[in-house]
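The figures here come from the full heavy-atom set of this structure, side chains too, leaving out hydrogens, waters and symmetry mates. This structure is a prediction, so every number in the text was calculated from the model and none was measured. The sequence lines fix the lettering, A, B, ..., with proteins before strands; numbering per chain opens at 1.
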There are 2 protein chains.
Amino acid sequence: MGATKTDHFTDQQNTLATLLKALGHPARVAIIEYLMKVDTCICGDIVNELPLAQPTVSQHLKELKNAGLIKGSIEGNSICYCIEEEAIEKLQNYFANISVKLSNKKNNCC
Amino acid sequence: MGATKTDHFTDQQNTLATLLKALGHPARVAIIEYLMKVDTCICGDIVNELPLAQPTVSQHLKELKNAGLIKGSIEGNSICYCIEEEAIEKLQNYFANISVKLSNKKNNCC
DNA sequence: AATCTATATCGTAATATTGCAATATAAAAT
DNA sequence: ATTTTATATTGCAATATTACGATATAGATT
């Protein structure tokens, strides 16, 4: 075992879980927040901002890219990463939706 | 290695990552969505809704509870789980915030 | 009290993730 | 052309996650 049984869930659920999982690590949260902080999308020095070795950061960047949360374009001999807005919007919509539904219930619960 | 270096990141980043990681599995997304769907918080039959064995579901519920995304109260010999609204709100705020910041930038980027 | 029902825990196998040193790659600067 | 700079990839050890059978626990029912 050990492998997630994605085939038993809806595409929606799997896609969402992939996005959330990609953000489910403090280093990757930190990367996103750094990309937010620096006004223009920054080339490179993410490594210097994080308390992790260069290969580790590179790996986290790859995961964020695979999940569709950031994109990177080559800029000379460095690479320019920035946030993929659609992905953030997808998440924003999802939680906004749940929040609305929750406040409509108020509160048949425990 | 294999252990996340949480001590190098801010509490905010770690807390957020914990919440997101907890939702970073389709089964746990499905659990949250099921708790949303059934109007009153449901006792038990989450197991029947999911394509996973009972111990597995129990484990996923525990993780959601540890992350503070759901709470469970004993109801006779079964347990009544429901969504912890504050946690969802925290996430909703976070992404709403990022979205606003992103749309204010429009788009010094790549 | 014995049994049933609902849930949790234990133990364990399969797989995934995290982190880094070493190395590769490729453009830029000398 | 060689070196420097920036990033990616490989290989690997440590740890975590996922899944489930077997078993434990605890309240409800008989």
Side-chain angles (χ1 to χ4, degrees), chain A residues 1-9 13-14 17-31 34-35 41-67 69-82 110, chain B residues 1-9 13-14 17-31 34-35 41-67 69-82 110:
Chain A
M1 297 293 140
T4 297
K5 290 181 138 188
T6 54
D7 44 321
H8 292 136
F9 301 97
Q13 287 165 342
N14 283 317
T18 300
L19 284 176
L20 294 169
K21 187 177 181 183
L23 286 175
H25 189 292
R28 296 193 289 268
V29 170
I31 288 170
Y34 184 64
L35 288 176
C41 89
I42 209 66
C43 309
D45 54 9
I46 300 172
V47 172
N48 305 319
E49 278 294 308
L50 293 190
L52 295 169
Q54 180 269 321
T56 308
V57 174
S58 189
Q59 195 174 288
H60 283 306
L61 287 167
K62 193 179 179 182
E63 270 169 80
L64 286 169
K65 202 164 70 178
N66 286 344
L69 277 157
I70 63 175
K71 61 190 163 189
S73 56
I74 297 169
E75 193 92 358
N77 74 342
S78 63
I79 292 191
C80 176
Y81 280 110
C82 61
C110 323
Chain B
M1 297 291 140
T4 296
K5 290 184 139 189
T6 54
D7 44 321
H8 293 137
F9 301 98
Q13 286 165 343
N14 284 316
T18 301
L19 284 174
L20 294 168
K21 187 179 182 181
L23 286 174
H25 189 293
R28 296 195 288 268
V29 169
I31 289 171
Y34 183 64
L35 287 177
C41 89
I42 208 66
C43 309
D45 53 11
I46 300 172
V47 172
N48 305 318
E49 278 294 310
L50 294 191
L52 295 168
Q54 179 269 320
T56 308
V57 174
S58 190
Q59 194 173 288
H60 283 305
L61 287 167
K62 192 178 178 184
E63 270 169 82
L64 286 170
K65 203 164 68 177
N66 286 344
L69 277 157
I70 63 175
K71 59 190 165 191
S73 55
I74 297 168
E75 193 93 358
N77 75 341
S78 64
I79 292 192
C80 177
Y81 279 110
C82 61
C110 325

Worksheet item: B/Lys62 side chain: which of D/dG21, C/dG19, C/dT9 is closest?
Response: C/dT9

Discussion item. By nearest atom, which of the nucleotides C/dT9, D/dT5, D/dT18 is closest to the A/Thr4 side chain?
Written reply: D/dT18

Worksheet entry | Between P of D/dT17 and CG of B/Leu23, the distance in whole Å | 15 Å

Worksheet item: How would you label the contact of B/Leu52 with the nucleic acid (heavy atoms, under 4.0 Å): base, sugar-phosphate, or nothing?
Response: sugar-phosphate

Worksheet entry | B/Lys21 vs D/dA16: side-chain N/O to OP1/OP2 distance below 4.0 Å | no

Worksheet item: Quick one: is D/dA19 close enough that its OP1 or OP2 comes under 4.0 Å of any side-chain N or O from B/His60?
Response: yes

Discussion item. Is the phosphate of D/dT18 approached by B/Thr56 (side-chain N or O, under 4.0 Å from OP1 or OP2)?
Written reply: no

Item to complete: Measure from the side-chain heavy atoms of B/Ala53 and tell me the nearest of D/dG21, C/dA21, D/dT18.
Response: D/dG21

Item to complete: Return no unless some side-chain N or O of B/Tyr81 is found under 4.0 Å from OP1 or OP2 of C/dA6.
Response: no

Worksheet item: Looking at D/dA8, D/dT9, D/dA28, which one has an atom nearest to any side-chain atom of A/Pro55?
Response: D/dT9

Item to complete: Return the value, rounded to whole Å, for the distance between atom CD of A/Gln59 and atom P of C/dT17.
Response: 10 Å

Worksheet item: Are B/Ser58 and C/dA8 close enough that a side-chain N or O sits under 4.0 Å from OP1 or OP2?
Response: yes

Discussion item. Classify the ring geometry of B/His25 against B/His60: parallel below 30°, tilted from 30° to 60°, perpendicular beyond 60°.
Written reply: tilted

Worksheet item: When you match A/Gly76 and A/Ala3 each to their closest nucleotide on DNA chain C, which lands nearer the 5' end?
Response: A/Ala3

